[in-house]
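Here is the structure we will look at.
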There are 2 protein chains.
Amino acid sequence: MANAQPTKLKILDAAEELFAENGFSETSTRQITKKAEVNLASVNYHFGSKNELIQAVIERYLEVLVPNISKELTDLENNNPNPTLEEVFSVFIRPILSLNQQRKNGTSILLQLLGRSYTDSQRHMRRFFLGNYGDVVTRFVALVYQAQPGLSASEIFWRLHFTLGTVVFTMASSGALMDIARADFDEDIAIEGVVKRLIPFIAAGVSAPR
Amino acid sequence: MANAQPTKLKILDAAEELFAENGFSETSTRQITKKAEVNLASVNYHFGSKNELIQAVIERYLEVLVPNISKELTDLENNNPNPTLEEVFSVFIRPILSLNQQRKNGTSILLQLLGRSYTDSQRHMRRFFLGNYGDVVTRFVALVYQAQPGLSASEIFWRLHFTLGTVVFTMASSGALMDIARADFDEDIAIEGVVKRLIPFIAAGVSAPR
DNA sequence: GTAGATTTTAAACACCTGTTTTAAACTGGT
DNA sequence: ACCAGTTTAAAACAGGTGTTTAAAATCTAC
């Protein structure tokens with residue numbers, strides 16, 4: 001069995017960048033293989049099809065992200081008997097920002113991918129996500145309820161989906177938004193700055209009076 | 001000049017439905033003309049190109065929506081010297097809901113289109129929007145600032161974009177969300193119910209302490 | 001060094017894309 | 001009834017798509 005990593009990795013790296021920048025169907029296998037400097041046929045050889053490549057690109061991120069979020073949830077569950085909503089939402093901060101350490105612009109790329117895949121096919125994506133990472137979702141919802149016990153299950157459902165929309169949409173266009181903020185307000189913030197502005201917004205929204 | 005409306009209208013109706021359902025680049029002119037039961041060449045004859053058709057589909061909505069929002073803003077400006085944030089955001093309620101009267105699922109279609117066009121090409125869409133409807137945006141932002149004078153321009157910018165994400169994402173998937181709510185919580189709410197839950201959420205987010 | 005499996009390569013495949021062309025069919029006004 | 005002007009129609013265009021093929025190159029282990 002020869003070393004199969006180099007080309008496979010080169011394809012994943014090139015594909016994720018093009019997917020995030022231009023979208024899935026706007027990116028052709030020829031663009032990917034050209035950028036990766038590999039042969040056209042190698043996408044189908046290594047991944048089977050373009051669709052399986054898309055899935056592989058997303059899964060490569062989730063495989064490292066979700067366990068990290070799970071660890072943060074465990075920490076909170078064990079060490080903080082009464083976390084605030086902001087503390088609950090903050091479980092995402094470290095895992096998301098640490099993506100930037102293992103891959104340049106990892107945060108922004110992942111969230112653009114998530115945004116694209118979610119608007120491209122919410123149904124498929126939702127099923128995949130709940131199927132593979134359902135327990136993390138459950139534990140997170142339980143913490144939200146604990147921090148805001150006045151909320152009914154249905155209110156939590158709605159407000160967390162509002163939150164999902166806020167995050168996915170914001171992060172998917174975070175690059176453009178940061179550019180505008182730089183131009184219009186002389187405000188040179190990185191992705192951390194966006195996240196730090198986002199958390200109070202969604203915490204206030206989720207805990208809004210009814 | 002002969003009556004050019006029928007085919008042009010049939011194309012717009014078919015296109016907007018396919019665009020909202022499957023996305024712009026996933027929808028081909030052949031799908032559109034087949035659904036509209038017109039000749040393939042008529043898209044290019046009547047609109048010039050597929051891109052101009054996309055623009056025409058979106059503009060048809062905005063042309064009726066934005067003037068209605070503008071009227072609501074005028075009402076608020078004239079009759080309510082100190083509106084709350086919730087009252088400011090409520091200027092969207094009537095215009096958006098009235099879309100459902102002139103076109104079945106009009107609300108959901110428009111917001112799916114907005115969501116798609118915004119994530120597909122934020123830059124182009126933003127420029128178009130500000131170029132054509134910039135004064136409505138300005139007046140709305142002024143009312144937000146008046147209701148929440150503590151916020152800086154940059155904070156308003158960020159929080160209104162968070163809000164945009166919440167609204168677009170929620171409305172784009174409102175159909176699926178209402179289905180889930182019905183199945184999981186025996187909660188049969190219509191689009192008005194979603195809007196009424198949305199407003200307190202975004203009002204609380206925009207007025208969050210910093 | 002050679003045999004066997006794995007990977008890379010160039011070429012072709014079958015199909016779909018947006019758009020253009022050219023001729024035919026309509027239209028309303030005189 | 002005829003004649004612009006406008007709209008429709010079928011066909012073709014040039015180029016791009018994901019995928020497959022079959023041969024060449026490379027690698028691994030004996």
Side-chain angles (χ1 to χ4, degrees), chain A residues 1-60 112-113 116-117 119-121 124-125 128, chain B residues 1-60 113 116-117 119-121 123-125 128:
Chain A
M1 207 184 299
N3 180 7
Q5 276 212 332
T7 39
K8 215 170 167 178
L9 263 186
K10 278 195 274 184
I11 292 173
L12 283 170
D13 289 341
E16 78 172 21
E17 211 167 316
L18 290 169
F19 285 155
E21 197 167 337
N22 306 319
F24 297 117
S25 41
E26 288 83 0
T27 303
S28 70
T29 52
R30 280 167 179 82
Q31 288 177 266
I32 295 169
T33 51
K34 189 183 173 188
K35 175 160 194 161
E37 294 175 314
V38 300
N39 186 270
L40 169 62
S42 45
V43 164
N44 296 277
Y45 178 78
H46 285 286
F47 297 94
S49 67
K50 185 188 170 184
N51 271 331
E52 287 167 283
L53 170 59
I54 294 176
Q55 201 167 312
V57 167
I58 294 175
E59 279 180 32
R60 182 165 66 144
Q112 279 175 262
L113 290 176
R116 289 196 181 282
S117 53
T119 51
D120 280 9
S121 58
H124 175 273
M125 194 61 189
F128 167 82
Chain B
M1 207 183 301
N3 180 7
Q5 276 211 331
T7 36
K8 215 171 167 178
L9 263 186
K10 279 195 272 183
I11 292 174
L12 283 170
D13 289 341
E16 80 171 19
E17 211 166 316
L18 290 169
F19 285 155
E21 198 167 335
N22 305 321
F24 297 117
S25 41
E26 288 83 359
T27 303
S28 69
T29 52
R30 280 168 179 81
Q31 289 176 265
I32 296 169
T33 51
K34 189 183 173 188
K35 175 161 195 162
E37 293 175 315
V38 301
N39 187 269
L40 168 62
S42 45
V43 164
N44 295 278
Y45 177 77
H46 284 286
F47 297 94
S49 68
K50 186 188 170 184
N51 271 331
E52 287 167 283
L53 170 59
I54 294 175
Q55 202 168 313
V57 167
I58 294 175
E59 279 180 34
R60 183 165 66 145
L113 290 176
R116 289 196 182 281
S117 54
T119 51
D120 279 9
S121 58
R123 206 165 313 179
H124 175 273
M125 194 61 191
F128 166 82

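Letters go in sequence order (proteins before strands), and every chain restarts at 1. Computed from a predicted structure; not experimentally measured.
Residues passing the side chain to side chain donor-acceptor pair (under 3.5 Å) test with D13(A) are R60(A), sequence neighbours excluded. N51(B) pairs by the side chain to side chain donor-acceptor pair (under 3.5 Å) definition with nothing, not counting sequence neighbours. Residues meeting the salt bridge (Lys or Arg N to Asp or Glu O under 4.0 Å) test with K34(B), sequence neighbours left out: none. For A15(A), the side chain to side chain contact (heavy atoms under 4.5 Å, CB included) partners at least two apart in sequence or on another chain are F19(A), I32(A), L53(A), V57(A). Residues satisfying the side chain to side chain donor-acceptor pair (under 3.5 Å) test with R30(B), not counting sequence neighbours, are none.
Counting only distance, with no hydrogens or angles, the side chain of K8(B) and the backbone of F47(B) share no donor-acceptor pair below 3.5 Å.
Contact annotation: T29(A) side-chain N/O to dT19(D) OP1/OP2 distance is not under 4.0 Å. The phosphate of dT17(D) has OP1 or OP2 within less than 4.0 Å of a side-chain N or O from S28(A). Residue H46(B) places at least one side-chain N or O closer than 4.0 Å to OP1 or OP2 of dT8(D).
When rounded to the nearest whole Å, the span between NZ of K50(B) and C1' of dT20(C) equals 17 Å. Spacing between atom CD of E26(A) and atom P of dT17(D) amounts to 11 Å, rounded to whole angstrom units. Remark: C1' of dG18(D) and CG of N51(A) are 10 Å apart, rounded to the nearest angstrom. Y45(A) has its OH atom 17 Å from the P atom of dA25(D), to the nearest Å. In this structure, K8(A) atom NZ and dT8(C) atom P are separated by 11 Å, rounded to whole Å. Separating the CG atom of N44(A) from the C1' atom of dT8(C) is a distance of 14 Å, rounded to the nearest angstrom. Here the C1' atom of nucleotide dT19(C) and the CD1 atom of I11(B) are 14 Å apart, to the nearest Å.
Only R30(B), L40(B), A41(B), listed by number, bring a heavy atom of residues 30-43 of chain B to less than 4.0 angstrom from any atom of DNA chain C.
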